[in-house]
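What follows is a short report on a single structure.
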Amino acid sequence: MAQYWLFKSEPTTFSIDDLAKSPRQTTCWEGVRNYQARNFLKSMKVGDLGFFYHSNADPPAIVGIIQVVKAAYPDSFAFDSTSRYFDPRSAPDSPRWFLVDVRLVKKFPQALPLEQLRAIKGLEKMELLRKGSRLSIQPVRPEEWQRVLRLVPDGNSSQSTPR
DNA sequence: GCCAACGTTGGC
DNA sequence: GCCAACGTTGGC
């Protein structure tokens with residue numbers, strides 16, 4: 001079964017519009033250098049869906065949906081001493097960091113600001129909304145996924161469970 | 001720009 | 001293995 005995730009990115013570094021302009025609207029998700037986030041990356045399967053979140057943005061917001069199109073593989077940026085993501089402790093024969101490839105599924109017609117999400121009943125336990133949460137890759141519970149989608153015009157939140 | 005929260009590092 | 005120091009994240 002497909003799992004749900006949330007991917008953080010600072011839009012000044014890589015925004016959802018950057019993804020929209022990428023070839024095949026696909027990119028490798030660079031720069032994860034946190035072990036917990038890495039472990040989540042490694043557990044992703046092709047077909048999993050994720051929210052694209054703009055952090056350090058005005059306002060911080062969920063801005064769309066992406067899909068995992070390639071499962072975790074070694075992050076070669078970590079081997080490149082000229083890369084900002086270089087990590088000398090990672091070697092090709094024992095990679096420490098990984099990437100997945102993701103493709104844009106949908107950019108929301110309107111961003112869903114963090115402030116709005118905080119007011120939604122049923123999202124209280126969402127990792128994104130936890131005080132002090134800094135994880136750049138987060139699991140999202142199916143019920144949280146649906147609740148967020150309900151905020152999107154044409155969100156198809158009930159496509160599998162009509163009510 | 002501030003600063004609380006968090007993760008990592010490294011001396012001991 | 002502890003924990004202080006440090007660097008980073010990210011909302012405000």
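Letters A, B, ... are given to chains in the order of the sequence lines, protein chains preceding strands, and every chain is numbered from 1.
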Taking only Lys NZ, Arg NE, NH1 and NH2, and the carboxylate oxygens of Asp or Glu, determine whether A:Arg24 and A:Asp101 approach each other closer than 4.0 Å. no
Aromatic ring proximity, centroids under 6.0 angstrom, A:Tyr35 and A:Trp97: yes
Between A:Arg130 and A:Glu127, does any NZ, NE, NH1 or NH2 come within less than 4.0 Å of an OD or OE carboxylate oxygen? yes
Verify, without hydrogens or angle tests, whether A:Ser15 (side chain) and A:Asp17 (backbone) share a donor-acceptor contact under 3.5 angstrom. yes
Tell me what A:Arg89 touches on the nucleic acid: a base, only sugar-phosphate, or nothing, going by heavy atoms under 4.0 Å. sugar-phosphate
Name the orientation class of the two ring planes belonging to A:Phe14 and A:Trp29 (parallel below 30°, tilted from 30 to 60°, perpendicular beyond 60°). perpendicular
Distance test, side-chain N/O of A:Lys131 to OP1/OP2 of B:dA5, below 4.0 Å: yes
List the protein contact pattern of nucleotides 6-12 of chain C with one symbol per nucleotide (5' to 3'): B for base contact, S for sugar-phosphate-only contact, - for none; contact means a heavy-atom distance under 4.0 Å. -BBBBBS
